[in-house]
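Take a look at the structure set out below.
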Amino acid sequence: MKSERQYREDICRFGKLLHDRSYIAATDGNLSVRLDSDAILCTPTMMSKGMMEPEDLVVVNLAGRRVIGRRNVSSEIAMHLLIYKLRPDVHGIVHAHPPTATGYAAAGLPLNQALVSEIVISLGCIPLARYATPGTAELTQALEPLVPDYDAILMANHGVVTYGADLLQAYMKMETVEHFACITMVTHLLGRQQLLSGEDVRKLVVARERYGISTPVQQGVGCPVTADAQAPPVAHASAAEDGQERFSVTREELMSIVKDAVRNTKRRW
Ligand SMILES: [Zn+2]
């Protein structure tokens, strides 16, 4: 078991890593460690998490009241307390704004597709919590339904929160989320996604136990989305009985075709 001093040094080290990797800017982000059943060591508000000294950190009780420290505690302390309350297995939490993953959160897109086997094993998928004003009870309400089942959550129009058995696990999950967001973005740039099948995902879920990962993967609620649930290919052609070639398109694609046609007609007039 580490001493409080070592936990303080850990938080400063991972805060610097978040800053060095541009996962946070200015005074963004916050980190915490559960010291014991009624003491949480947390980063202060209004300070760069890349430039903290161990003495800058604050200890609060489970009611969020400061018991040690000169600075004011993070404005997101309620989010940390919620996660510690709902997840007795969690001892470290990281909140940051890594640009690619936060881009997905700002686009209203969860990272919930079965695109990479390692992600299915490590995180299952990364859902998107609805938007809520930072530092308010709305934010904890938005996260509450997702915290028991996921170890990483996108926060709409805001950022990402990850947590684990210790601060290192929580930090590495933040790296994993941002890396997966980059990979997902590349598949969008390539214009093609080849999702794993439901059977592939089931095998990976079994493999999770071998890695000691116990957080359940929520299957059957579209997370992760597998090839089985994927929309039909664009303008899929098939030969009908009457010999006519038929195409199937999604509603979005149809709307886009109609809009283009209307735009072209207007131009001609
Ligand atoms: Zn934030």
Side-chain angles (χ1 to χ4, degrees), residues 10-34 40-52 56-58 60 64 66 69 71-87 90-112 123 126-147 150-164 167-182 185:
D10 282 353
I11 287 181
C12 294
R13 183 157 55 99
F14 289 117
K16 185 163 184 339
L17 272 173
L18 291 174
H19 190 255
D20 288 351
R21 286 179 163 263
S22 296
Y23 287 6
I24 47 176
T27 59
D28 294 346
N30 34 75
L31 306 91
S32 74
V33 164
R34 193 202 300 261
I40 308 296
L41 180 64
C42 191
T43 48
T45 189
M46 298 302 288
M47 184 174 189
S48 167
K49 308 310 176 292
M51 303 173 192
M52 297 181 297
D56 292 318
L57 305 183
V58 184
V60 297
R66 183 176 59 185
R71 292 181 176 272
N72 290 326
V73 72
S74 165
S75 55
E76 295 295 6
I77 186 63
M79 171 176 75
H80 292 247
L81 295 174
L82 172 85
I83 294 167
Y84 288 125
K85 187 177 110 189
L86 297 179
R87 292 286 298 270
V90 166
H91 289 81
I93 299 173
V94 173
H95 165 59
H97 308 159
T100 313
T102 303
Y104 275 86
L109 296 171
L111 290 164
N112 66 344
L123 291 173
I126 304 122
L128 175 71
R130 69 170 191 274
Y131 177 73
T133 310
T136 67
E138 268 179 8
L139 187 79
T140 52
Q141 284 161 12
L143 292 170
E144 193 164 5
L146 299 170
V147 170
Y150 301 98
D151 289 351
I153 301 172
L154 295 188
M155 301 153 73
N157 305 90
H158 184 164
V160 184
V161 62
T162 56
Y163 34 93
L167 195 61
L168 173 64
Q169 296 294 321
Y171 171 78
M172 288 198 297
K173 284 172 190 171
M174 186 63 72
E175 280 194 350
T176 299
V177 170
E178 179 63 357
H179 196 230
F180 181 49
C182 292
M185 190 170 69

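Since we're looking at a predicted model, the values are computed, not measured. Remember, it's 1-based here, ligands and their atoms both numbered in the order they're listed.
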Would you indicate whether the side-chain heavy atoms of Asp151 and Arg87 approach each other to under 4.5 Å?
-> yes
**Asked** Are any non-hydrogen side-chain atoms of Tyr163 and Val94 less than 4.5 angstrom apart?
**Response** no
ask   = Are any of the side-chain heavy atoms of Met79 and Asn30 separated by less than 4.5 Å?
value = yes
Within a distance under 2.8 Å of the Zn ion (ligand 1), the protein atoms of type N, O or S are His95 NE2, His97 NE2, His158 NE2
Applying ring pair (Phe, Tyr, Trp, His ring centres under 6.0 Å) to Tyr171 and not counting sequence neighbours gives Phe14
Applying side-chain contact (heavy atoms from CB on, under 4.5 Å) to Leu146 and not counting sequence neighbours gives Pro127, Ala129, Tyr150, Ile153
Salt bridge (charged side-chain N to carboxylate O under 4.0 Å, His left out) filter on Lys85, not counting sequence neighbours, yields none
